[in-house]
Structures are given as structure tokens and as C-alpha cells.
Novice: 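Dropping a structure here in C-alpha cells format, bear with me for questions.
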Amino acid sequence: MTWTQEYLPLGNLALSTLAAAIPIIVIFYLLAIRRAPGQIAGIAAMITAFLVAVLVYKMPFTTALTSTIMGIAYGIFPIFWIVITAIFIYNMTVETGKFDIIKNSIATITDDRRLQALLIAFAFGAFLEGAAGFGTPVAISAGMLVGLGFNPLYAAGLCLIANTAPVAFGGIGIPIIVAGQVTGIDTMKISQMVGRQLPFLSAIIPIWLIVLMAGWKSAMEVLPACLIAGISFAVVQFFSSNYLGPELPDILSSLAAILCLTLFLKTWKPATTWRFPGEEKSSTTAATRPSYSTGELVTAWGPFIILTVMVILWGLKPIKALLEAPTLSIYVAGLHNAVIQVAPIAKVPTAMAAVYKLNWLSAAGTALFIASILSALLLGVGPGQFFRIFGKTFKQLTKPLITIPAVLGLAYIMNYSGMSSSLGLFLAGTGSFFPFFSAWLGWLGVFLTGSDTSANALFGNLQSVTAQQVGVDPVLTVAANSSGGVTGKMISPQSIAVATAATGLVGKEGDLFSFTVMHSLVLAVIIGIMTYLQAYVLAWMIP
């Protein structure tokens, strides 16, 4: 028994779009205005979306329920599995006292909070995005900044905004590869086009972060470091995306930024050492901090080195294929091939698959869990202490365990009911202005799903079809879906939940949402204007 999506359930696009937007309005209102805890906002929005799907879109009750449950399941595994294992590794280094060594070793490079943010939030976070994605970079880098002494709200917010630079290419290029699969456009062309949009943003993100963190005058003191980080990242991102493909831009760009910034800071220091207002001045300096042997440093940094190696190994195609072998594919009864997408969302009427993949071995969270076991051996953590720390971590994350599945349930019910498609069609109806709004379509997709990959799967074909209708090269708008999507990541409820879990801000999701939302909107406008100019003025930039 099948059900066909109806994108105009109220007879016209404007009213139907308004109905589809109700769950988004609910979650925006609860987070931004009421500052409600994430689990409350997530559950309320999910229930609202379910009611709109059933009452307005006439989706069968059981189909709507099943799609929501599938989203909840996906929120638990693999998303929550990544979050808990990442924070578990961090907690293990804290409990064993090794994080003090990490803090002091970073401080030997710089005591300055501005420069620490560039190294960890921007450069190291981008590396984790390229290696693993799916929440790993924010969970790890935000937790590290808090451990260094950062204000938790700033640690979370800075990592979310910094994650803008690498998200379009994601874990091993998966978002771009998916965009090519759903549109039939050559993946290399999409990679090249994204590589001719995103580097402009990547180059300015470091100075953007520091202005937000410390103000314009203070940011000018570290302008050379911001330029080194941003330009080295942007240049390598452009080169690798245009000449190597979509798999390596994040990893190569982040490594270039880490290397260039570290070498630069060996010979250059800012005039003053900046710390957060009210933060106690350290009684030690980079020169007077305790010295550690090579063995002590390797042991302290070992868990993060192991983590990095594991996520790289898990991303390599031959190993990934081997690890995928025992994956259990569950065809969700009552939902698999039961919902029919129609044009222009799909090229032809298409039954939507609903396969829950229990990739217990190839999941990034499993790589992190194995890294945690190896880290325990390295740190001398016995079985009793290992499970005690894991239990403490689980208790720390009980509220995110509600929030993350709820927002994934929201995303899935909106996608399977056709509500997301109604919103997409509304933006697609903007005629010659569509290139500007194509970036906002990506923004919407990532806000709803928390994933650039999912946003490309959701709206990639709509971007292609609409571009052809308005006379624009579809390569541009499909790429803009990915580039614009990066600006929605920082306010996605899923990302907010991960960030608050990593920084001890559970219950303060509304504060973090308010911290990042204006930056999200402004950056989306920048990508939209850039795309519009590339469509009609700078068309020579399209490959």
C-alpha cells in the first residue's frame, strides 16, 4: 500500500508552505525567544510536525509514526553513538589528569585565547570534519576548548561557526558525492564549483571568529595569524577541490592551516595576551610552564592521536568496504517504498526507500569507541575505571539523548510527508532570483537534517531541475545547495544539541542558538549573493 506526497495540500503554494513551516517556527520560537531547553523544543517541534503531516498533508497515521520512529532511531545510532564516544575519550583524559598536560603543551605554543581558538576550533575542528563529520568536530574541539578554560558558550559557539569552512565537503567528500548521485551531474564539476565558492568564506572565517570573540580592535592584534590560517586553508581548499576531487579538501586544508599557523606562532606573538573578561590571569606563562618529556606528551596526546588515526582508517575506501560487510540493513515495514515522491522533487515518480542501516562496525562512533579502548590501555585505565567514566559520560548526556533523536524525528517526518518539499518548491518559485535562494534551500536542508549530505539528497534534484527552468547552469545551484548548507549547520538543532552536550550547557540550547543565529543568516546572505553573481555576472567561474 503506497501513499503519494502532495506538496500543495491547502490548494496553493503560499498556504501550504506556511503550514509546512509551522514546526520550524515552533522550534525557532522555543529556542530563540523562550530559550527553552533543547529536549523541550525538539519534542514540541517533532509533535507539531507529526500533527501537520497527518492533519494537513493527509499522511497515513502509521506511515507518519513509522517515519518519525525511524528518525528517532537514526538519532540514537549513529549520531548519539558518535557524541557519547567522543566525549568519553575527552572525559578519560580529564579523569586521568592528562588533559592538564595537553593544556600546558598548547599553551607553550600560545597562551592567547584568540590563537587557541584558531588552532582548535578552526584548524583542528576542520580536520575532524574531513575525517569523520557527523558531529565529531564540534564534540571534540568544543570539549577541548572548555578544558583549556574557555567560556562554555563561546567554546560551543565558536566551534559551530568555525565548522562552516569544511562542512560542504564533509567526511571524505560524502556530501558532494551524494549531490552527484541524486542529480546525475559529474561529481568533479560540483567539487570544482564548491571550491570556487567556499574558499572566499573560509578565508574570512578566522577573522570573523576573533571579532566575535574579542572585538574588532583586539582582532586586529592577531590579524596576521588570522590571515595565515584563513588563506592557507582557502588556497589548499581551492586547489584540492578543483584538481584532486571532493574527498580530500578538508583534510589537506586543515593540515595546511595547522602547520602554517603553528610554524608562524613559533616566530610571532601578539602584543598582548588576551583572555576572557573576568577570567583569572594565569600565574604561569608559556615560558614558565612545566616542561614534559616526549613520553609524557605522547601519552597525554595519545588518545587524540589514536582518535585521528582511527577516523582516517575508517574513512579509507578499502577498509570502509570491509567494515560495511556485517552491516544489518533493515527495510522498515510500512515505510520502505510506501511513500511516492513526484516531480519536480524526483525526476520521475519515485518510491522513497526506508532502510535503517545498522552499520555497527563501520560507524564513526565505533571507530571512536575502539579508540577509547586503546586510549584506556595507553593511559592505564583499568576496566572498573573505564566503565565508571563511561557511566558518568552517559549520565552527563541523558538530556541530549532526548534532544538529538527528537530533532532527527522532526527531520524525517518533514521529509517523508513532503513538508520539506513544499518549502523547497516555494523557494524554487522565485524565478530569476533563484540562484540567490538556492543557497537558502541548502541552508534550510541542513537546518532541518543537521547534515549537508542529507540536504543534498533532499534538495539536490530540485536545485538541478529549477536551474534548468530559469536558464542557469545546474552545476552552480547544486553546488550552492552544499555551500549554502554550511551556514545552516551552526543553528541546526542537532548541532546545537551536540555542542551543548560537549560543553556542559545542556538546558542552555536557546542561549547557544541565539549566539549563532545572526551569523548563520548573514553568512547565508553572502553565499546567496555570491551565487547570484556567479549566475549572471561571473558565469566564467562555473566549470
Novice: Using the benzene-type ring in the case of Trp, are the ring centres of Phe304 and Phe124 under 6.0 Å apart?
Specialist: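 Between Phe304 and Phe124, the centre distance exceeds or equals 6.0 Å.
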Novice: Between Phe369 and Trp81, is the ring centroid distance below 6.0 Å?
Specialist: yes
Novice: At their closest point, which heavy atom of Ile185 faces which heavy atom of Val478, and how far apart are they?
Specialist: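 Looking at all heavy atoms of both residues, the shortest contact is CD1-CG2, 3.8 Å.
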Novice: Begin with the C-alpha distance, continue with both residues' side-chain angles, and end with the deciding distance and a verdict on side-chain contact (heavy atoms from CB on, under 4.5 Å) for Phe238 and Arg196.
Specialist: CA-CA 7 Å; Phe238 167 79; Arg196 298 175 193 189; 4.2 Å; yes
Novice: Any side-chain heavy-atom pair from Met92 and Phe386 closer than 4.5 angstrom?
Specialist: yes
Novice: In terms of side-chain heavy atoms, does Glu221 have a donor or acceptor partner in Thr272 at a distance below 3.5 Å?
Specialist: yes
Novice: Once you round to the nearest 0.5 Å, how far does CG of Leu244 lie from CD of Gln192?
Specialist: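 If we round to the nearest 0.5 Å, Leu244:CG and Gln192:CD are 11.0 Å apart.
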Novice: With a 4.5 Å heavy-atom cut-off, do Val486 and Val446 have their side chains touching?
Specialist: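 No. Closest side-chain heavy atoms not under 4.5 Å.
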Novice: Compare every heavy atom of Asp250 with every heavy atom of Pro166, then report the nearest pair and how far apart it is.
Specialist: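 Heavy atoms of Pro166 and Asp250 come nearest at O-OD2, 2.6 Å.
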Novice: Could you grab the distance from atom CD1 of Ile140 to atom OG1 of Thr85, nearest 0.5 Å is fine?
Specialist: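 Those atoms lie 8.0 Å apart.
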Novice: Using the rule given for side-chain contact (heavy atoms from CB on, under 4.5 Å), can you reason through Arg113 versus Leu148, listing the C-alpha separation, both sets of side-chain angles and the distance that settles it, and then say yes or no?
Specialist: CA-CA 9 Å; Arg113 297 298 191 208; Leu148 285 169; 4.2 Å; yes
Novice: Let me confirm one number: the OG1-CD1 distance from Thr487 to Ile526, rounded to the nearest 0.5 Å.
Specialist: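 It comes to 9.5 Å.
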Novice: Parallel, tilted or perpendicular for Phe394 and Phe80, by the 30°/60° rule?
Specialist: perpendicular
Novice: Say you draw a straight line from NZ of Lys98 to OG1 of Thr299; how long is it, rounded to the nearest 0.5 Å?
Specialist: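 Atom-to-atom, Lys98:NZ and Thr299:OG1 are 6.0 Å apart.
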Novice: Hey, mind stepping through Thr327 and Trp360 against side-chain contact (heavy atoms from CB on, under 4.5 Å) and telling me if it holds?
Specialist: CA-CA 7 Å; Thr327 294; Trp360 59 274; over 6 Å; no
Novice: Minimum heavy-atom separation for Ala142 to Ala156, with atom names?
Specialist: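 Ala142 and Ala156 have their closest heavy atoms at CB-CA, 4.3 Å.
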Novice: List for me each residue that meets salt bridge (charged side-chain N to carboxylate O under 4.0 Å, His left out) alongside Asp186, sequence neighbours excluded, and say none if there are none.
Specialist: none
Novice: Is any side-chain heavy atom of Asn163 closer than 4.5 Å to one of Met490?
Specialist: no
Novice: Taking the six-membered ring for Trp, are Phe436 and Trp440 parallel (under 30°), tilted (30 to 60°) or perpendicular (over 60°)?
Specialist: tilted
Novice: Apply the test side-chain contact (heavy atoms from CB on, under 4.5 Å) to residues Val522 and His519: give CA-CA distance (whole Å), side-chain angles for both, the deciding distance (0.1 Å), then the verdict.
Specialist: CA-CA 5 Å; Val522 172; His519 304 282; 5.9 Å; no
Novice: How about Trp443 and Ser520: does a side-chain donor come under 3.5 Å of a side-chain acceptor?
Specialist: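 Yes - a donor-acceptor pair under 3.5 Å links their side chains.
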Novice: Hey, does Asp111 have a side-chain heavy atom less than 4.5 Å from the side chain of Arg275?
Specialist: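 They are in contact (side-chain heavy atoms under 4.5 Å apart), so the answer is yes.
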Novice: Name the orientation class of the two ring planes belonging to Phe233 and Phe122 (parallel below 30°, tilted from 30 to 60°, perpendicular beyond 60°).
Specialist: tilted
Novice: Are any of the side-chain heavy atoms of Ser495 and Leu160 separated by less than 4.5 Å?
Specialist: yes
Novice: Between Phe276 and Tyr154, how do the two ring planes meet: parallel, tilted or perpendicular, split at 30° and 60°?
Specialist: tilted
Novice: Return the CG to CZ distance between Leu227 and Phe264, rounded to the nearest 0.5 Å.
Specialist: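 Separation between the atoms: 9.0 Å.
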Novice: Could you check if a side-chain atom of Leu323 sits within less than 4.5 angstrom of a side-chain atom of Ile319, using non-hydrogen atoms only?
Specialist: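 A side-chain contact exists here, since the closest heavy-atom pair is under 4.5 Å.
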Novice: Below 4.5 Å, heavy atoms only, C-beta onward: do Leu115 and Pro270 meet side chain to side chain?
Specialist: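 In short, these two side chains touch, coming nearer than 4.5 Å.
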Novice: Do Thr393 and Asn91 have side-chain atoms, one donor and one acceptor, less than 3.5 Å apart?
Specialist: yes
Novice: Could you tell me whether the side chains of Gln197 and Ser483 share a donor-acceptor contact shorter than 3.5 Å?
Specialist: yes
Novice: Do the side-chain N and O atoms of Asp452 and Ser482 include a donor-acceptor pair separated by under 3.5 angstrom?
Specialist: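 Yes, because at least one side-chain N or O of Asp452 sits under 3.5 Å from a partner of the opposite role on Ser482.
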Novice: Could you give the distance from CD1 (Ile161) to CE (Met213), rounded to the nearest 0.5 Å?
Specialist: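 Here the interatomic distance stands at 12.0 Å.
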Novice: Looking at Arg388 and Glu95, is any side-chain nitrogen of the basic one under 4.0 Å from a carboxylate oxygen of the acidic one?
Specialist: yes
Novice: Does Phe447 reach the side chain of Pro493, with side-chain heavy atoms less than 4.5 Å apart?
Specialist: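 Yes - at least one pair of side-chain heavy atoms lies under 4.5 Å apart.
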